[in-house]
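Everything on this sheet refers to the single structure shown next.
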Amino acid sequence: MNSKRILSGMRPTGKLHLGNLHGALNNWVDLQNRQGYECFYFVADWHALTSDYKDTSRIGENTIDMVIDWLSVGLDPDKSTLFIQSHILEHAELFLILSMITPLAWLERNPTYKEMQTEMADRDLSTAGFLGYPVLQAADIIMYKAYGVPVGIDQLPHIELTREIARRFNFLYKEVFPIPEPLLTEVPKLLGTDGRKMSKSYDNSIYLRDRGQILRQKILSMFTDPQRKKKTDPGRPEICNVFSFHTIYTEPHEVTQIEEECRSAAIGCVECKKRLAETISAEMAPVHERQDYYLKHGTLVEDIIFEGTSRAREHAVKTMLEVREAIQVFRGSRS
Ligand code: TRP
Ligand code: SF4
C-alpha cells in the first residue's frame with residue numbers, strides 16, 4: 001500500500017470554534033476518511049511558546065481541550081495519528097539542525113513574521129524562537145516525509161519556506177526529504193457574531209462547546225444586513241453572515257426560501273436567526289454527545305494521545321537516523 005502522508009498541526013488555543021471547524025477540521029476529517037491517505041495531526045505546543053512564553057499556564061489545559069474537540073468532530077484515533085509535538089524530542093533535534101542551514105534572510109523576509117509582530121503588539125516577539133517559528137514548522141512537516149499539508153492560506157509562506165529548507169538539506173547532504181505540497185481547501189466565509197473574523201481574542205466566537213441557551217443567545221446576537229433596520233426593509237442575504245451560516249447548516253430548499261423571504265421582507269431577522277439556531281443545534285448534537293463522552297473519560301483521551309505519540313515517534317526516530325547519517329556526525333560502532 002502506497003498511501004500519501006498528510007500532516008498538519010494547530011497551536012493549542014483551547015476550545016475550538018466554528019471558524020476552526022469549517023476552516024480546517026472538517027478538511028482534516030475528510031482527508032482521514034479518504035482512501036489512500038495516512039494522516040498525522042498534532043498539537044503544536046512548542047509553537048505556542050513562541051508567543052506565550054511569559055505565561056505558559058494554559059498550554060497544558062488548552063492542549064487537552066483541543067484534542068477533545070478534535071475527537072468530538074470526528075477525528076478517529078484508529079484512522080489518524082494524533083500526537084503532541086513536545087512529546088517527540090526529535091522535533092527539537094531536527095529544528096536545531098535545520099536552523100543551521102536556514103539563511104537568516106529567509107526568516108527575516110517571511111511576511112508572517114512582521115505581520116504577527118504588528119498584530120500581537122502587546123507581546124515581546126523579538127526572540128530567536130519566534131524568528132525560527134517556520135524552521136520548527138519545517139521540522140514538524142518533513143520529519144514525517146509528508147506529501148501534503150492541509151493549511152489555510154495564511155500558512156502558505158511557511159510551507160514555501162519548508163520546501164526551500166527541505167531542498168537545501170537534500171542538496172547539501174543527501175536526498176532524505178520529499179518536498180511537501182500545501183493542500184489549500186475552499187473555506188466558506190464564516191464570520192464571528194459581530195461580523196469580524198471569528199477569533200478567540202475578539203470574543204465573537206461560537207464554540208464547539210456552546211449549546212442550549214448559550215448557543216441560541218449567540219446566534220440571536222449575530223449582526224445581519226445593516227440596511228435592514230425595520231422588518232419591512234428588504235434584506236441582502238449575500239452580505240449577511242447569518243445567511244452564510246444558513247448555506248452550510250440548513251437544507252438547500254429552505255435556504256432558497258429564506259433567500260427569497262429576506263429579499264421580499266417576508267421574514268424578519270429574528271425569525272431567520274431562530275431557524276438557524278435550530279439547525280445548528282441539531283447539527284451539533286452528535287458532536288456534543290461525543291464531547292460529553294470524552295470529557296467524562298479523561299484517561300481515554302490521554303491514552304489516545306499516548307498511543308498516537310508512540311506511533312508518530314517511530315517515524316521520527318527513523319527519520320533522525322537518516323538525518324544523522326546524512327550529516328555525518330560521529331556515531332561510532334556501538335550505537
Ligand atoms: N503554524 C501553524 C498555525 O499557526 C501550526 C503548525 C505548526 C503547523 N507546525 C505545523 C501546521 C506543521 C501545519 C504543519 O496554524
Ligand atoms: Fe440576514 Fe436572515 Fe436578516 Fe436576511 S432575514 S438579513 S438573511 S438575518
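We use all heavy atoms of the structure for the numbers below, so side chains are in, but hydrogens, waters and symmetry mates are not. Numbering of ligands and ligand atoms starts at 1, following listing order.
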Which ligand 1 atoms does V149 reach within 4.0 Å, using its non-hydrogen atoms?
13 (C), 14 (C)

Distance filter under 4.0 Å to A44 heavy atoms, resulting ligand 1 atoms
7 (C)

For ligand 1, the portion of W46 having any non-hydrogen atom under 4.0 Å away
neither

Pairwise distance SG(C272) to CG(D225) - rounded to 0.5 angstrom
11.0 Å

Can an N, O or S atom be found in C269 less than 2.8 Å away from atom 4 (Fe) of ligand 2?
no

Considering only non-hydrogen protein atoms, determine which one is nearest to atom 8 (S) of ligand 2 and report residue, atom name and distance to 0.1 Å.
T224 CG2, 3.5 Å

Tell me: protein heavy atom nearest atom 5 (C) of ligand 1, and distance?
G9 O, 3.6 Å

Structural part of E261 in contact with ligand 2, heavy atom criterion under 4.0 angstrom
neither

Do D69 and Y294 pair up side chain to side chain, a donor and an acceptor below 3.5 Å, judged on atom types alone?
no

So, are E160 and R163 salt-bridged, with charged N and O less than 4.0 Å apart?
yes

Heavy-atom proximity to atom 7 (C) of ligand 1, picking from H47, M10, M116, points to H47

Using a strict threshold of under 4.0 Å (side-chain N to carboxylate O), is an ion pair present between E271 and K231?
no

Can any side-chain N or O of T50 pair as donor or acceptor with the backbone N or O of W46 at less than 3.5 Å?
no

Nearest option to atom 12 (C) of ligand 1, as decided by whichever heavy atom of Q85, M143, Q137 sits closest:
Q137

Tell me which protein heavy atom sits closest to atom 4 (Fe) of ligand 2, plus the residue, atom name and distance to 0.1 Å.
C262 SG, 2.3 Å

Other residues, nucleotides and ligands only: do more than 12 of their heavy atoms fall within 6.0 Å of CD1 on I153?
no

Would you check the N or O atoms of Q155, main chain and side chain alike, for any that come under 3.5 Å of an N or O of ligand 1?
yes

Looking only at protein heavy atoms, what sits closest to atom 2 (Fe) of ligand 2 is C272 SG, 2.4 Å

Check this for me: does any side-chain nitrogen of one of E261 and R275 sit under 4.0 Å from a carboxylate oxygen of the other?
yes

About how many Å separate CZ of R11 and CD of Q85, when rounded to the nearest 0.5 Å?
11.0 Å

Cation-pi, Y144 ring and R5 (6.0 angstrom, 45 degrees)
no

Return the residue, atom name and 0.1 Å-rounded distance of the protein heavy atom closest to atom 5 (S) of ligand 2.
R228 NH1, 3.1 Å

Just to confirm my output: which protein heavy-atom neighbour is closest to atom 9 (N) of ligand 1, and how far is it?
D140 OD2, 2.8 Å

Please work out which of the three classes, parallel, tilted or perpendicular, describes the rings of F130 and Y133, given edges at 30° and 60°.
perpendicular

Under a 4.0 angstrom heavy-atom cut-off, which atoms of ligand 1 come close to R11?
4 (O)

Which bit of I141 gets closer than 4.0 Å to ligand 1, counting heavy atoms only: side chain, backbone, both or neither?
side chain

Determine yes or no for a side-chain-to-main-chain donor-acceptor pair under 3.5 angstrom, with K114 supplying the side chain and E108 the backbone.
yes

Using a distance threshold of 2.8 Å, state whether an N, O or S atom of C240 lies below it from atom 1 (Fe) of ligand 2.
yes

So, is the end of the K4 side chain (NZ or CZ) under 6.0 Å from the ring centre of Y147 and within 45° of the ring's axis?
yes

Judged by non-hydrogen atoms, does G235 sit under 4.0 Å from ligand 2?
no

Return yes or no for this condition: an N or O of H158 is under 3.5 Å from an N or O of ligand 1.
no

State yes or no: do V73 and Y293 share one hydrophobic cluster built from I, L, V, M, F, W and Y residues joined by side-chain heavy-atom distances below 4.5 Å, directly or via other members?
yes

What atoms of ligand 2 come closer than 4.0 angstrom to any heavy atom of F243?
7 (S)

Measure the distance from atom 4 (O) of ligand 1 to every protein heavy atom, then report the residue, atom name and distance (to 0.1 Å) of the closest one.
Y133 OH, 3.0 Å

